[in-house]
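Structure, as structure tokens:
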Amino acid sequence: MEQVSTYLPGILLAYSAFLLGIISPGPNILAVMGTSLSSGRKEGVALASGVAFGSLTWATLTVLGLSAVLATYASALTAIKIAGGFYLLWLAYKSFKAARADNSIAAVEPQGERISRSGYALRGYVIQMTNPKAALAWIAIVSLGMQQEAPLWVGAVIVAGTFALSLLIHVLYAFLFSSPAAIRTYAKARRTIQTVLGCFFAFAGAKLIFSRT
């Protein structure tokens with residue numbers, strides 16, 4: 001029980017970073033929105049499921065990769081955390097910049113002919129796996145939850161929890177944004193959301209950079 005309490009704050013912080021990260025519209029979220037609006041709710045859910053499994057793949061690869069590196073080079077955790085911290089600070093800058101911008105979000109369906117639901121799921125997976133920023137994002141998220149000599153179950157909990165959150169949030173987007181009214185409502189709250197995200201990413205980035213464990 002004492003071991004759980006040691007790692008729980010970091011795990012919850014990793015969950016929070018991931019959850020707030022997927023609130024901000026990126027290629028995956030915009031694709032889910034656009035598919036739900038243009039092709040239907042079920043197609044949007046299928047694409048959302050593919051995105052979630054892409055998140056599962058990235059999380060698993062990151063945890064296994066970090067575990068392997070730390071098993072050989074224990075001091076590498078400090079460098080990894082600093083790199084992840086600066087990435088989170090960069091996300092904070094991007095969020096504050098987006099909050100000041102006048103442009104609104106635009107949901108766009110991925111290009112191509114209408115396909116089957118399994119095809120939409122595969123498309124969502126590919127969108128997530130080919131996101132060039134995903135590797136850095138996952139290193140930052142996992143670094144928040146993993147401490148020096150963290151047991152294997154910590155990584156497993158981070159992977160399982162982020163997958164559940166990804167599936168839940170992306171499917172929720174598919175349900176909510178199957179109507180144009182939902183897009184307009186979200187757009188009105190965009191600046192507030194981006195400001196909150198910026199504050200959190202700045203906090204999490206500073207925590208990683210100055211962490212000693």
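Basis for what follows: all heavy atoms, side chains included, without hydrogens, waters or symmetry-related copies.
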Contacts of [X] that satisfy side-chain contact (heavy atoms from CB on, under 4.5 Å) - sequence neighbours left out:
| X | result |
| --- | --- |
| L168 | none |
| Y93 | K97 |
| W90 | Y87, K94, K133 |
| L20 | I23, L197, F200 |

| query | Around F86, counting heavy atoms of other residues, nucleotides and ligands shown, do more than 12 lie under 6.0 Å from its CZ? | reply | no

| query | Under the ring-ring contact (aromatic ring centres under 6.0 Å, His included) test, which residues partner F53, sequence neighbours left out? | reply | F163

| said: Within the structure provided, determine whether Y120 and S49 are in side-chain contact (heavy-atom separation under 4.5 Å). | reply: no

| said: Go through it in stages, so that I can follow the logic: the residues are L13 and F203, the test is side-chain contact (heavy atoms from CB on, under 4.5 Å), and I'd like the CA-CA distance, side-chain angles, deciding distance and then a yes or no. | reply: CA-CA 11 Å; L13 188 58; F203 165 77; 4.1 Å; yes

Quick one: pull up [atom1] in [X] and [atom2] in [Y] and give me the separation to the nearest 0.5 Å.
| X | Y | atom1 | atom2 | value |
| --- | --- | --- | --- | --- |
| Q128 | W58 | CD | CH2 | 9.0 Å |
| I11 | L144 | CD1 | CG | 12.0 Å |
| T35 | E43 | OG1 | CD | 8.5 Å |
| L12 | I158 | CG | CD1 | 10.0 Å |

| request: Could you check V63 against L152 for side-chain contact (heavy atoms from CB on, under 4.5 Å), going step by step and ending with a plain yes or no? | output: CA-CA 9 Å; V63 168; L152 185 60; 5.5 Å; no

Excluding sequence neighbours, so at least two apart, what forms side chain to side chain donor-acceptor pair (under 3.5 Å) with [X]?
| X | value |
| --- | --- |
| S36 | none |
| S118 | S116 |
| T57 | Y125 |
| R117 | none |

| remark: Minimal heavy-atom distance between G145 and A14, with the atoms involved, is N-CB, 4.1 Å

| Closest non-hydrogen atom pair, A17 against I141 | CB-CG1, 4.4 Å

| said: Test question: given the 4.5 Å side-chain rule for I, L, V, M, F, W and Y, name all other residues clustered with V126, or answer none. | reply: L122

| message | By the side-chain hydrogen bond (donor to acceptor under 3.5 Å, both in side chains) test, which pairs, at least two apart or in different chains, include something from residues 156-167? | response | S55-S166, S166-H170

